[in-house]
There are 2 protein chains.
Amino acid sequence: MPAEDPDPRLYVQAVEKAFRVLEVFGSRHHPLSLAEVAEASGMDKSGAQRMCYTLRRLGYLAVDVHGRGHVPGLRLMDRSYDFLRMHPLVQRATSPLMDLRRTTQERVDLSLPDDLSIIYAVRLQSKRETFAATLVGRRLPTFASSGGRAMLAYRSDEEVENVLLRSDRRAMTSKTVVDLPGLHAKVTEARALGYALAVEEWFLGEIVLAAAITDEAGRPVGAIHIAASLSEWEVEEFRKRMAPLAMEAARALSGG
Amino acid sequence: MPAEDPDPRLYVQAVEKAFRVLEVFGSRHHPLSLAEVAEASGMDKSGAQRMCYTLRRLGYLAVDVHGRGHVPGLRLMDRSYDFLRMHPLVQRATSPLMDLRRTTQERVDLSLPDDLSIIYAVRLQSKRETFAATLVGRRLPTFASSGGRAMLAYRSDEEVENVLLRSDRRAMTSKTVVDLPGLHAKVTEARALGYALAVEEWFLGEIVLAAAITDEAGRPVGAIHIAASLSEWEVEEFRKRMAPLAMEAARALSGG
DNA sequence: TCTTTCGTATTGACTATCAATACGATCGAA
DNA sequence: TTCGATCGTATTGATAGTCAATACGAAAGA
């Protein structure tokens with residue numbers, strides 16, 4: 001959300017309220033009652049009632065199958081499908097990523113940058129994966145992901161500093177790098193190598209190598225991730241094998 | 001959308017307008033100008049301006065990278081992620097589907113029913129697939145898909161007739177069954193077999209077998225699809241190999 | 001250079017939205 | 001079984017938010 005206030009002449013507050021209702025599910029794991037929706041979205045019960053009624057009618061919210069509480073509605077899938085289907089990089093990248101998945105025999109993902117986080121837009125599993133590793137739309141912090149760091153490598157020092165300072169730099173495993181000098185070093189390393197490597201920083205046992213995709217102006221617009229298990233790979237072997245493949249695939253997709 | 005009019009005391013028309021804007025992208029393949037959005041969504045230019053301004057501010061709409069026209073925004077991915085992450089069947093099915101994908105070495109999908117169409121909620125590719133075969137949120141007509149027919153098999157004759165009559169029964173290939181007696185026969189066959197098989201009805205060269213997942217009351221809540229290429233399988237071999245696997249996986253996910 | 005189409009800006013009218021509150025239903029605890 | 005808490009639904013007049021016609025500058029195309 002931009003820092004400056006929206007223009008009240010054009011900004012439709014009722015629309016914002018409706019999306020605030022949808023957004024409360026972003027941090028929940030179970031259906032929400034009307035009262036919970038009202039509280040979590042910062043509106044009174046009447047407001048929540050009207051927004052929920054409208055969103056239910058449109059299919060973007062649904063009543064839980066047990067008849068109590070609200071859950072996100074199926075029509076949301078249509079809207080994200082439109083996003084994916086119409087996104088030029090997702091269109092161009094999916095086929096090469098399938099080739100890369102076949103070549104590497106490991107999980108291959110495409111992420112898009114969004115300020116302090118990256119969003120997974122294409123997920124091509126290779127073996128048995130965790131549930132979280134299969135879902136498009138999943139976000140990870142830019143600072144803590146190999147894709148995020150690979151993309152930061154194409155940003156200026158000031159931009160990198162800005163992102164790192166505004167990030168909630170919490171460790172996910174004992175291996176997660178969270179100190180500022182360490183993170184800067186990781187970005188510097190990614191600049192030198194042309195890719196970023198994260199070993200057990202998000203999930204124990206998981207190793208991920210990522211390379212950034214850039215636009216004509218050299219700005220990062222996405223990243224290719226190759227993920228595998230340390231039970232099957234030694235770190236240096238993985239790096240040696242995957243780095244050229246990831247960088248070549250990213251290069252082929254860069255520049256327009 | 002339900003047939004009866006919404007209660008004007010609770011229905012927020014501005015919210016509907018915002019979603020009408022998002023929905024116009026459902027049938028487009030390129031960015032839309034403000035004027036095009038206005039026309040396609042049936043509102044005047046001022047209305048389109050206000051809705052687009054608001055949706056851009058919230059991140060659900062974006063200006064195309066070339067600076068002209070609107071496209072669906074990244075934040076939509078968050079909302080569908082909430083839907084997938086919180087959907088009980090998607091949660092329960094993803095792991096067994098990965099097992100099934102490993103066993104069959106073919107593409108495995110999970111679809112959800114939505115009146116006249118089915119929506120793909122989980123897509124586990126095995127080999128090189130078409131772009132369309134990788135995207136969650138993609139819809140196919142219930143009548144023309146093996147998953148749709150497998151689910152129709154658990155509906156009453158009246159319900160099946162109702163769906164078929166309201167469907168836009170167009171052929172996708174020369175093999176697509178579109179006549180009512182033929183479609184009824186397909187549903188009857190699925191009832192007898194416990195699965196549905198579609199041979200080249202959506203894409204030439206593609207064969208798909210699907211089994212329905214039902215709830216405690218025996219109503220269909222999803223379908224498992226196994227898809228492959230006729231260049232690698234003979235129809236009867238595919239049926240023999242995959243039918244038991246699909247039905248067993250569907251049965252394990254049914255009933256709760 | 002001119003025309004067309006674009007997106008932006010404006011502002012008073014007015015109606016769509018608001019929100020406090022009452023109420024019946026349901027659920028859980030005693 | 002009774003009672004209290006919480007649920008979702010229903011209400012309605014006030015008013016703030018939304019509307020929409022239109023003007024205008026910018027950009028693109030002929």
Side-chain angles (χ1 to χ4, degrees), chain A residues 1-2 4-25 28-73, chain B residues 1-2 4-25 28-73:
Chain A
M1 175 70 93
E4 72 277 16
D5 288 342
D7 184 337
R9 298 173 298 179
L10 293 175
Y11 196 66
V12 183
Q13 297 181 57
V15 172
E16 180 198 49
K17 282 178 163 179
F19 281 101
R20 281 201 346 245
V21 166
L22 292 177
E23 283 161 7
V24 305
F25 294 94
R28 301 304 164 88
H29 304 284
H30 300 291
L32 294 175
S33 68
L34 197 70
E36 287 170 318
V37 167
E39 180 171 13
S41 60
M43 63 185 74
D44 52 58
K45 207 170 71 169
S46 303
Q49 177 186 11
R50 278 183 279 104
M51 296 305 150
C52 288
Y53 177 85
T54 307
L55 290 167
R56 289 200 306 270
R57 290 284 308 206
L58 297 173
Y60 294 99
L61 206 58
V63 174
D64 181 61
V65 293
H66 301 105
R68 289 177 65 87
H70 291 88
V71 292
Chain B
M1 174 70 90
E4 72 277 17
D5 289 342
D7 185 338
R9 297 173 299 179
L10 293 176
Y11 196 67
V12 183
Q13 298 183 56
V15 172
E16 180 198 49
K17 284 181 163 178
F19 281 100
R20 278 197 352 242
V21 166
L22 291 177
E23 282 158 9
V24 304
F25 294 94
R28 302 304 165 87
H29 304 285
H30 300 291
L32 294 175
S33 67
L34 198 69
E36 288 172 316
V37 167
E39 182 171 12
S41 61
M43 62 183 76
D44 53 58
K45 206 168 70 166
S46 301
Q49 179 187 8
R50 278 184 279 105
M51 296 304 150
C52 288
Y53 176 84
T54 306
L55 290 168
R56 288 199 307 270
R57 288 285 308 207
L58 299 173
Y60 294 98
L61 205 59
V63 174
D64 181 62
V65 293
H66 299 105
R68 291 178 62 88
H70 290 87
V71 292

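Every chain is numbered from 1 and lettered A, B, ... according to where its sequence line falls, protein lines coming before strand lines.
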From A:D7 atom CG to B:Y53 atom OH, the distance as rounded to the nearest 0.5 Å: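 Reported to 0.5 Å precision, the distance equals 4.5 Å.
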Which value, rounded to the nearest 0.5 Å, describes the distance between A:S41 atom OG and A:E16 atom CD?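 Atom-to-atom, A:S41:OG and A:E16:CD are 10.5 Å apart.
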What is the separation between atom [atom1] on [X] and atom [atom2] on [N], rounded to the nearest whole Å?
X     : N      : atom1 : atom2 : value
A:D64 : D:dC7  : CG    : P     : 15 Å
B:Y11 : C:dT17 : OH    : P     : 10 Å
A:E36 : D:dG8  : CD    : P     : 8 Å
B:M51 : C:dA16 : CE    : C1'   : 12 Å
A:Q49 : D:dC7  : CD    : C1'   : 12 Å
B:L32 : C:dC6  : CG    : P     : 11 Å
B:D7  : D:dG8  : CG    : C1'   : 14 Å
A:L10 : C:dG7  : CG    : C1'   : 11 Å

Choose from [options] the nucleotide whose nearest atom is closest to any side-chain atom of [X].
X     : options               : answer
A:K45 : D:dA10, D:dG8, D:dA21 : D:dG8
A:L34 : C:dA16, D:dG8, D:dT18 : D:dG8
A:Q13 : D:dT18, C:dA9, D:dA10 : D:dT18
A:R56 : D:dA21, D:dT9, D:dT18 : D:dT9

In terms of heavy-atom contacts, does CD of B:E36 have more than 12 from other residues, nucleotides or ligands at under 6.0 Å?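 Counting neighbours around CD of B:E36, more than 12 heavy atoms of other residues, nucleotides or ligands fall under 6.0 Å, so yes.
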Side-chain N,O (B:S33) to OP1/OP2 (C:dC6) below 4.0 Å: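 B:S33 to C:dC6 OP1/OP2: side-chain N or O found under 4.0 Å.
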Does a side-chain N or O of B:K17 approach OP1 or OP2 of C:dT17 to a distance below 4.0 Å, or not?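 For B:K17, the contact criterion (side-chain N or O under 4.0 Å from OP1 or OP2 of C:dT17) is not met.
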Nearest-nucleotide wise, let me know which of B:D44 and A:A35 is further upstream toward the 5' end of DNA chain D.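 Counting from the 5' end, the first nearest nucleotide belongs to A:A35.
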Under the criterion side chain to side chain contact (heavy atoms under 4.5 Å, CB included), I'd like the reasoning laid out for B:M43 against B:V21: C-alpha separation, chi angles, the key distance, then a yes or no. CA-CA 9 Å; B:M43 62 183 76; B:V21 166; 3.9 Å; yes
Derivation of the side chain to side chain contact (heavy atoms under 4.5 Å, CB included) call for A:T54 and A:Y60: CA-CA 9 Å; A:T54 307; A:Y60 294 99; over 6 Å; no
